[in-house]
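Note: hydrogens, waters and symmetry copies are ignored here, and every other heavy atom, side chains too, is used.
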There are 2 protein chains.
Amino acid sequence: MSRPAQRAKTAARSGKTRPAEVQASALRQTRREHANETAEDYAEAIAELTAATGEARATDLARRLGVSHVTVIRTVARLQRNGLVTTRPYRSIFLTEKGTRLAEASRQRHELVVEMLRALGVPEAVAQSDAEGIEHHVSPETLATFQRFLHRQAGTPQK
Amino acid sequence: MSRPAQRAKTAARSGKTRPAEVQASALRQTRREHANETAEDYAEAIAELTAATGEARATDLARRLGVSHVTVIRTVARLQRNGLVTTRPYRSIFLTEKGTRLAEASRQRHELVVEMLRALGVPEAVAQSDAEGIEHHVSPETLATFQRFLHRQAGTPQK
DNA sequence: TGCAACATGTAGCTCAGGCTACATCATCCG
DNA sequence: CGGATGATGTAGCCTGAGCTACATGTTGCA
Ligand SMILES: [Mn+2]
Ligand SMILES: [Mn+2]
Ligand SMILES: [Mn+2]
Ligand SMILES: [Mn+2]
């Protein structure tokens with residue numbers, strides 16, 4: 001239990017351990033993604049509700065997102081501050097231009113992740129559930145890779 | 001802008017929109033996974049540091065996790081409350097039995113996710129970064145599917 | 001041996017995202 | 001046409017996770 005102090009830094013680079021900096025920046029990236037996650041899920045849900053029923057109301061969002069209506073109202077207020085939605089007291093919620101773009105991108109990414117999981121053999125229900133978390137951590141490069149993979153699959157006459 | 005009230009519920013089930021309940025439970029699952037995420041990443045990092053340098057100190061963890069040492073100290077205190085680590089003031093941090101099991105499971109899952117991404121053609125660096133977020137949202141079923149896929153790949157004499 | 005340098009700890013703040021309990025608003029329908 | 005009912009909003013609470021600034025411990029080495 002002696003104290004190696006900065007000796008440790010030197011010892012660390014002998015193994016096959018990832019460099020601290022590499023891991024740190026991956027974790028920072030993950031935290032950034034989490035910060036956008038709520039906005040992405042709300043935008044997607046608002047777009048779906050609007051398409052399906054003509055409008056998105058706080059109560060419907062609460063049911064669909066699995067949170068209380070209070071949480072929805074507070075979160076929607078933040079999304080409005082950030083320019084993603086507009087809403088007036090006692091009225092429904094609408095996506096702005098920016099919000100619509102976010103919703104569309106999120107929907108596409110969501111679907112692609114689900115398709116990818118299914119293509120690998122993950123059962124439908126599990127794919128739906130896992131995708132809801134995974135989608136927010138798929139970089140554009142990985143997304144492009146998924147797309148290539150799926151196209152190749154589709155084009156290849158599989159036995 | 002009339003008010004359909006519960007009329008909406010009926011209208012919703014006409015489209016191909018996911019049922020609200022299904023999406024709600026997927027999102028609840030994702031939130032549960034986020035609640036374990038910090039513990040998993042810390043356990044993994046503590047195990048790595050211990051293996052590489054013989055001990056895990058708060059400062060090293062802070063560097064590796066990309067947060068301040070204060071955050072590490074507070075989080076480690078919580079992990080101790082939850083029985084994952086032991087630590088004494090001004091001393092290094094050790095995993096308990098339970099913590100060791102969590103670290104090992106997390107490590108395996110992390111590696112499998114990276115391998116899966118690489119197998120699909122995602123560049124190494126991107127795979128490392130994306131995996132850091134994705135790993136926490138991969139269910140046991142999906143993990144098993146990944147494993148089968150990778151074994152099949154390895155066993156198949158690819159051209 | 002003593003102290004400078006580094007590690008660890010504490011105080012106190014911010015923000016996101018949950019919640020319950022209660023208050024107010026809007027509207028459908030009897 | 002006036003409630004009852006359901007939707008929306010407010011007050012006030014909690015926890016996790018981050019931070020800076022400052023205080024205190026530890027120890028290697030001059
Ligand atoms: Mn999601
Ligand atoms: Mn989604
Ligand atoms: Mn996540
Ligand atoms: Mn991770």
Presence of B/R88 side-chain N/O under 4.0 Å of C/dG9 phosphate oxygens OP1/OP2: no
Integer-rounded Å distance: D/dT27 C1' and B/R57 CZ: 11 Å
Most 5' of B/A58 and A/A39 on DNA chain C, judged by nearest nucleotide: B/A58
Residue-level proximity of residues 66-73 of chain B to DNA chain C when a heavy atom falls under 4.0 Å: B/H69, B/V70, B/I73
Flag for A/S92-A/E55: side-chain donor and acceptor within less than 3.5 Å: yes
Sugar-phosphate only, base, or nothing, as touched by A/R31 at under 4.0 Å among non-hydrogen atoms: sugar-phosphate
Separation of atom CG in A/N82 from atom C1' in C/dC15, rounded to whole Å: 12 Å
Backbone N/O of B/V138 and side chain of A/D130: donor-acceptor pair under 3.5 Å: no
Ring centre gap for B/H136 and B/H34 strictly below 6.0 Å: no
Euclidean distance, atom NE2 of residue B/H34 to atom P of C/dG18 [Å, nearest integer]: 10 Å
N/O (side chain, A/T75) to phosphate O (OP1/OP2, C/dA16) under 4.0 Å: no
Whole angstrom value for the distance that separates C1' of C/dA16 from CG of A/N36: 13 Å
Side-chain (B/T50) to main-chain (B/I46) donor-acceptor, under 3.5 angstrom: yes
B/E97 atom CD: more than 12 heavy-atom contacts under 6.0 Å: no
Distance test, side-chain N/O of B/R74 to OP1/OP2 of D/dG18, below 4.0 Å: no
B/A35 vs B/P89, nearer the 5' end of DNA chain D by closest nucleotide: B/A35
Residue A/Y90, side-chain heavy atoms: nucleotide from C/dC19, C/dT24, D/dT27 that is nearest: C/dT24
Side-chain (A/R18) to main-chain (A/Q23) donor-acceptor, under 3.5 angstrom: no
